[in-house]
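First the structure, in the form of structure tokens, and then the observations on it.
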Amino acid sequence: MQDLLNSALQAIENANNSNELKEIEIKYLGKKGLITEQLKTLKDLSEEDKRTTGKAIQEIKQKFLSAYQKKASQLEIEEINSKLTAEFFDITLPRLNKINHSKKGTIHPLNQLQQQVEEIFSDMGFEIADGPEVESEYYNFEALNIPSHHPARDMQDTFFIENKADPKHGELILRTHTSPVQIRTMELKGAPLRIIVPGRVFRYEATDATHDSTFNQVEGLLIDKNIGLADLKGIMEEFLSRLFEKDITVRFRPGYFPFVEPGLELDILWQKGKNGQSDKWLEFMGAGMVHPNVLKAGGIDPENNQGWAFGFGITRLAMIKYQIADIRQIHNSDLRFLKQF
Amino acid sequence: MKISINWLKNYVNIPDNTDINQLAELFTTRTAEVEEVIDLASTFDKMVVGKIEAIEPHPNADKLQITQTNVGGEILKIVCGAQNIYIGQKVAVAKNGAKVKWHGEGELVELKPTKIRGEESNGMICAASEIGLKDEEDGIMDLSNLEAEPGTSLAEALQKNDQIIDIDNKSLTHRPDLWGHYGIAREVAAITGQSLKPIELHHEYPSTETIIPVEIKAKDHCKRYLSTTIENIQVGPSPEWLKNALENTGNRSINNIVDATNFVMLELGNPLHAFDTNKIKEKIIIRTAEKGEKIETLKEGEKELDSDMLIIADKEKPLAIAGIMGGLNSGINNETTSITLEAANFDPISTRKTSVKLGIRTESVQRFEKDLDPLLAEQAFDRLVKIILDLCPSAKIVSAKNDQKNFDYQIKTVKLDLNKVRSKIGVQIESMEIEEKLKNLEFKVKKLDTHHLEVEVPSFRATKDINHQDDLIEEIARLYGYEKIPTRIPELSLTLPKPNTERLEKYSIRNILSLECGYNETLNYSFYSKKTLQNAGLEASKHLKIKNFLSEEQTHLRTTLLPNLLITAANNLKVEDGFKLFEIGRTFIYQNEYFPLEEKHLAGLLVLPKKSKMEPFYEVRDDISRLLERLRITSLKYKRAEKACSMAHPNKHAAFFDFKTQQEIVQIYELHPLIAKNFDLEKNRIACFEINYSLLHKLNRADQKYKAISKYPAVEFDISAILNNNIEYQTLESQIKNIDKNLVKSVQLFDYYKGPNINEGKISMAFKIKLQSNDRTLTDQEIKEIQQNAFQVLQKLGGEIRGL
């Protein structure tokens with residue numbers, strides 16, 4: 001019986017086209033096919049033998065069928081492909097009518113805004129730095145003074161990649177913020193540093209109108225000798241005023257981020273309070289003086305260098321600037337949305 | 001965290017005329033974010049205590065009665081449907097203009113003068129559910145036990161004359177000292193320049209033996225454990241002040257003992273627990289659980305424990321999950337007469353881990369995980385005993401104060417460089433002012449020299465957030481006032497930033513593709529599903545897989561941008577027929593190293609309208625050729641792709657190839673009909689491109705050079721030929737040009753035909769050939785020679801020249 005199977009599989013293997021294959025199927029599984037015949041003999045056997053032999057024949061039939069299916073779909077693709085390649089296609093042939101009949105295309109609003117942000121910071125002497133989106137726990141957390149038991153490291157915030165952990169780097173993850181590029185750039189270039197890092201970040205977070213698992217941030221880092229919080233206020237007011245094309249007032253208030261000390265939140269004055277009502281502030285970003293542990297992790301001496309870092313969500317900024325109500329519009333690639341920009 | 005202003009007033013002076021919104025604003029800018037100020041009294045607006053002076057039956061309704069209710073200075077006629085009213089009873093009256101919930105359900109409704117079955121009614125005698133004090137309806141509220149006179153505002157009578165500030169918990173992550181009213185009061189005192197009042201503690205304990213001995217086995221997990229036993233306890237409802245304190249801050253009142261433990265937790269920030277002494281077998285043991293050991297918790301049902309979880313147990317069984325939740329078996333109930341109190345300091349990390357593992361998050365966990373001051377446990381303990389003795393005057397402490405410590409408290413000092421303070425804040429703050437700010441926050445300050453201080457950190461700040469100079473700079477900066485920091489543009493050394501050419505080129509690419517070629521830029525997610533990658537014919541093994549994916553649609557990181565673009569195309573086809581899309585983004589390819597190969601790609605596609613007869617491949621090819629030309633990339637060779645990508649039509653694909661590195665940097669292809677079918681795109685013809693931008697960007701750029709314009713006339717002639725259809729046009733063109741590279745300026749195809757009247761396997765082409773010299777006018781002889789050569793070239797390639 002094994003021989004029967006082997007010769008059947010061999011025949012399938014050798015089939016050159018679907019007609020040949022069809023014939024093989026009839027030869028083995030047709031009304032008088034070789035496997036069919038075997039099944040017919042079962043009725044003459046004892047109950048016991050019927051069970052064992054029957055099982056064996058069924059197995060052979062299954063193996064035959066699965067080999068047959070595989071070959072059939074392979075042949076089908078080959079036949080389609082050979083039909084598709086039957087005629088010579090000249091990849092170099094010029095178009096006779098070269099008039100460009102395309103309508104004007106559009107640039108994604110997020111990228112338009114990001115370009116503006118990059119240009120403003122470039123004008124203020126900042127370099128644009130980059131880093132990987134697939135990061136290690138070391139760069140994303142440890143080096144940023146977020147030890148392993150910190151709440152931000154719980155499964156709910158971070159996407160983990162199936163990969164072997166590394167003794168230094170830990171698990172492989174999708175970066176949850178652009179801050180790891182602080183460390184990578186410090187390692188690469190040392191002090192002084194003046195960079196911004198715009199880029200995509202990921203959070204393990206259910207999606208709704210204001211939350212998405214993917215969004216963009218802009219990180220900023222300035223390390224030099226005598227840099228203080230007053231400079232952060234100055235740079236941010238200048239940046240925001242240029243971006244919004246009007247004078248913008250910002251305020252600091254305390255905020256907690258493990259990689260800065262003092263840690264701050266920066267708010268934008270959105271509406272001046274009228275008739276004794278309080279002003280309306282818009283929460284804009286987290287910032288602060290770079291924590292000495294972070295400078296050390298980046299190989300910079302915290303005794304002789306100091307500076308600040310900030311990070312804001314540019315996706316959110318785009319939503320504010322263009323009055324986009326639902327964050328899911330950003331990544332759903334709907335032309336009715338894209339064509340408005 | 002909800003903080004009651006009335007409660008705070010016990011510890012710090014907040015004048016009655018203080019604008020709480022302003023105080024909240026100050027707290028936000030100095031300490032932590034106040035999310036909301038809630039005026040509890042506002043819900044009781046236009047509600048007062050009333051006294052029923054007379055009741056008569058309603059002439060037109062059996063179930064209604066007419067009352068004359070004194071609301072202080074006036075008597076209101078109010079129709080009432082409840083049966084539990086009597087003359088002389090004090091009740092809650094909602095006057096016209098007040099907002100109530102009818103029968104405790106639905107939206108708030110404003111009361112207006114009305115007639116009920118023909119009888120005038122002004123206001124309403126309320127049930128607790130109708131003014132939001134209870135969920136279920138149970139007759140009108142009887143306020144007769146209150147001392148309040150008729151006309152007293154209901155908020156005042158019910159002690160709801162309070163304002164609550166709700167502080168964002170996240171902004172307190174690093175401040176274990178702010179998890180109770182007393183800590184907040186200390187902060188308010190510091191930022192308003194007031195002093196903090198001490199709290200009353202109990203100090204006298206009998207020196208008798210401990211009734212319930214305590215043994216700490218897991219010393220690493222428990223820094224401190226205080227306990228004592230109090231007998232003659234009467235469990236019952238809490239007095240109004242205690243009930244209100246809890247309820248106004250969003251907690252429920254259970255009974256006097258449990259409420260006392262919660263009160264002190266909300267006051268001082270250290271969680272506490274009370275066990276029923278009679279339910280403890282012999283002793284209290286603080287140990288890690290045995291794997292599989294189970295406990296029936298007070299509120300979360302049965303939980304199976306792990307060997308790294310800390311529990312409070314007796315000789316026989318677990319009594320509580322340490323720092324997280326008590327067990328049902330040792331809880332306080334109305335029969336309890338003897339209680340054993342616990343005030344402890346549990347390890348923050350292990351408490352947090354256990355809480356995450358068991359999925360139980362409580363007020364207690366929230367505090368222990370912040371790393372509490374071990375000295376606070378004793379303060380909270382003495383405070384709890386004081387409150388319980390106040391609540392149960394006949395109760396008696398029968399056991400010594402058992403205090404087990406596994407920590408060695410040392411005063412922490414930090415050296416502070418005053419010039420660093422000024423430099424990092426960016427303000428010249430006077431030394432005196434720096435010292436004053438620190439003292440306001442209960443730091444002790446010693447002058448070392450003119451520029452340095454030695455700062456002693458109070459114990460309640462020492463466990464977590466104050467470790468070095470920068471932590472003190474934060475304290476000084478925020479108390480100084482962040483709003484007072486001026487804006488300044490930094491003085492920087494004159495090093496010019498290096499341009500990020502990769503980014504700059506992206507700007508150009510976006511402009512070329514969108515504005516010149518008509519593509520719309522999209523952004524898609526970086527992941528797709530296993531089904532999608534299979535539909536695109538990709539190998540799963542080259543992909544990075546997300547361990548904790550959010551949905552089945554987002555399990556694998558993309559190795560190419562195309563599959564998501566195809567999905568996008570299918571979605572857009574529902575509303576639009578024919579369009580161009582492109583995307584710039586990262587791809588991730590698994591390699592046998594820790595980090596994957598992460599590259600920047602640029603990909604796009606053209607979806608032809610259903611009726612179009614165009615060849616989409618050529619259009620995309622020309623777009624990409626234009627892009628490369630505009631980027632001045634001339635070093636790539638255009639040719640048939642060595643190995644077409646899995647999504648490519650087997651015949652219609654090409655690549656721009658880098659000879660130096662043997663890499664196909666650009667791929668162009670028509671979408672394979674089978675792949676198109678997988679993505680529901682079979683009705684339209686689609687051509688795609690994908691460019692490895694990381695590689696493309698590194699290529700050399702051609703110099704832009706001027707070519708002299710010839711002063712001599714150009715001559716054109718046409719050739720029409722029938723050719724074999726397996727010759728690439730590029731071959732024809734280059735061979736014709738090769739006849740004389742100086743003179744043949746251009747070869748242009750102007751007619752192309754195959755089909756009827758032309759033999760199978762043949763095509764008809766017509767070219768316009770332009771000749772021109774830079775240094776002379778061409779002679780007829782020269783032109784004729786080139787023409788003849790061109791005929792020969794075509795004939796050698798098997799062509800038949802028409803009209804010859």
Is A:Lys168 atom NZ crowded by more than 12 heavy atoms from other residues, nucleotides or ligands, each under 6.0 Å away?
yes
Pairs of heavy atoms under 4.5 Å with chain A: top-ranked of B:Val427, B:Asp471, B:Asn21, B:Ile489:
B:Asp471
Distance-only donor-acceptor check, side chains A:Glu119 and B:Tyr507, under 3.5 Å:
no
Interface residue of largest heavy-atom contact number with chain B, from A:Thr207, A:Leu93, A:Leu338, under 4.5 Å
A:Leu93
Salt bridge (charged side-chain N to carboxylate O under 4.0 Å, His left out) between B:Lys506 and A:Glu118, intermediate numbers included:
CA-CA 12 Å; B:Lys506 272 191 207 169; A:Glu118 289 173 10; over 6 Å; no
How long is the gap from CG on B:Asn571 to CG on A:Asp334, to the nearest 0.5 Å?
8.5 Å
Determine the option with the most heavy-atom pairs under 4.5 angstrom with chain A, choosing from B:Leu496, B:Asp168, B:Leu513, B:Leu557.
B:Leu557
To check you understand the geometry: which heavy-atom pair defines the closest contact between A:Gly263 and B:Glu474, and what is its length?
N-OE2, 2.7 Å
Donor-acceptor under 3.5 Å (B:Asn572 side chain, A:Ser333 main chain):
yes
Side chain to side chain contact (heavy atoms under 4.5 Å, CB included) between A:Glu87 and B:Lys754, intermediate numbers included
CA-CA 12 Å; A:Glu87 202 179 332; B:Lys754 62 182 173 184; 2.7 Å; yes
Largest heavy-atom contact set with chain A, pairs under 4.5 Å, which of B:Ser526, B:Pro596, B:Ala477:
B:Ser526
Side chain from CB out, backbone as N, CA, C, O: work out which of these in B:Thr731 comes under 4.5 Å of a heavy atom of chain A, or both, or neither.
neither
Do you know the tightest heavy-atom contact between A:Pro94 and B:Arg621?
CA-NH2, 3.7 Å
Criterion salt bridge (charged side-chain N to carboxylate O under 4.0 Å, His left out) on A:Arg251 and B:Glu25, from CA distance to verdict
CA-CA 12 Å; A:Arg251 76 163 182 195; B:Glu25 187 76 11; 2.8 Å; yes
Search all heavy atoms of B:Phe617 against all heavy atoms of A:Phe89 and return the closest pair with its distance.
CD2-CE2, 3.7 Å
To the nearest 0.5 Å, what is the distance between CG on A:Leu174 and CG on B:Asn548?
9.0 Å
Sort A:Pro198 into side chain, backbone, both or neither according to what part of it lies under 4.5 angstrom from a heavy atom of chain B.
both
Looking at A:Glu238, A:Glu171, A:Glu265, which one has more heavy-atom pairs under 4.5 Å with chain B than the rest?
A:Glu171
Just give me the residue among A:Asn111, A:Ile330, A:Ile80 that pairs up with chain B most often, heavy atom to heavy atom, under 4.5 Å.
A:Asn111
Part of A:Ile195 lying under 4.5 Å from any heavy atom of chain B:
neither
Checking B:Lys420 side chain against A:Glu303 main chain: does a donor-acceptor pair fall under 3.5 Å?
yes
Proximal component of A:Phe126, with respect to chain B [non-hydrogen, under 4.5 Å]:
backbone
Heavy-atom distances under 4.5 Å only: say whether A:Gln112 touches chain B with side chain, backbone, both or neither.
neither
With only heavy atoms counted, which part of B:Val575 is less than 4.5 Å from chain A, the side chain, the backbone, both or neither?
side chain
Taking A:Glu127 for the side chain and B:Pro497 for the main chain, is one N or O donor matched with an acceptor at less than 3.5 Å?
no
Does the B:Glu521 side chain pair with the main chain of A:Ile107, one donor and one acceptor, at a distance under 3.5 Å?
no
Out of A:Asp212, A:Leu222, A:Ile173, which one racks up the most heavy-atom pairs below 4.5 Å with chain B?
A:Asp212
So which of B:Glu483, B:Arg478, B:Glu33 has the largest heavy-atom pair count under 4.5 angstrom toward chain A?
B:Glu33
Specify which of B:Glu615, B:Met765, B:Lys424 makes the most heavy-atom pairs with chain A at under 4.5 Å.
B:Lys424
Give a yes or no answer on whether the side chain of A:Lys233 reaches the backbone of B:Ile485 with a donor-acceptor pair at less than 3.5 Å.
yes
Is B:Lys353 atom NZ crowded by more than 12 heavy atoms from other residues, nucleotides or ligands, each under 6.0 Å away?
no
Within the side chain of A:Tyr256, is there an N or O that forms a donor-acceptor pair under 3.5 Å with the backbone of B:Arg175?
no
Just so I understand: if I count every heavy-atom pair under 4.5 Å between each of B:Asp470, B:Ile546, B:Asn651, B:Asn725 and chain A, which residue has the most?
B:Asn651
Distance, nearest 0.5 Å, that separates CD1 of A:Ile227 from CZ of B:Arg488
7.0 Å
Select one option (side chain, backbone, both, neither) describing which atoms of A:Trp281 are under 4.5 Å from chain B's heavy atoms.
side chain
Relative to the ring of B:Tyr594, is the ring of A:His169 parallel (under 30°), tilted (30 to 60°) or perpendicular (over 60°)?
parallel
What part of B:Arg640 gets closer than 4.5 Å to chain A, counting heavy atoms only: side chain, backbone, both or neither?
both
Go through the steps for A:Leu84 and B:His672 under the test side chain to side chain contact (heavy atoms under 4.5 Å, CB included), then give the verdict.
CA-CA 9 Å; A:Leu84 291 173; B:His672 196 299; 3.9 Å; yes
Please report the closest heavy-atom contact between B:Tyr618 and A:Asp90, naming both atoms and the distance.
OH-O, 2.5 Å
To check you understand the geometry: which heavy-atom pair defines the closest contact between A:Arg253 and B:Thr29, and what is its length?
CB-CA, 3.9 Å
Salt bridge check, A:Lys339 against B:Glu576: does any charged N sit closer than 4.0 Å to a carboxylate O?
yes
Choice from A:Ala230, A:Gly228, A:Gly234 maximising heavy atom contacts with chain B below 4.5 Å:
A:Ala230
Nearest-0.5 Å distance that lies between atom CZ in A:Phe88 and atom CD1 in B:Ile763:
8.5 Å
Pick one of side chain, backbone, both or neither for A:Ser136, based on which atoms fall under 4.5 Å of a heavy atom in chain B.
both
What option among A:Ala165, A:Ser122, A:Ser213 has the most heavy-atom pairs under 4.5 Å with chain B?
A:Ser213
Closest heavy-atom pair, B:Lys639 versus A:Ile91, reported as atoms and distance to 0.1 Å, is C-CD1, 3.5 Å
So CZ of A:Phe252 and NZ of B:Lys484: to nearest 0.5 Å the spacing works out to 15.0 Å
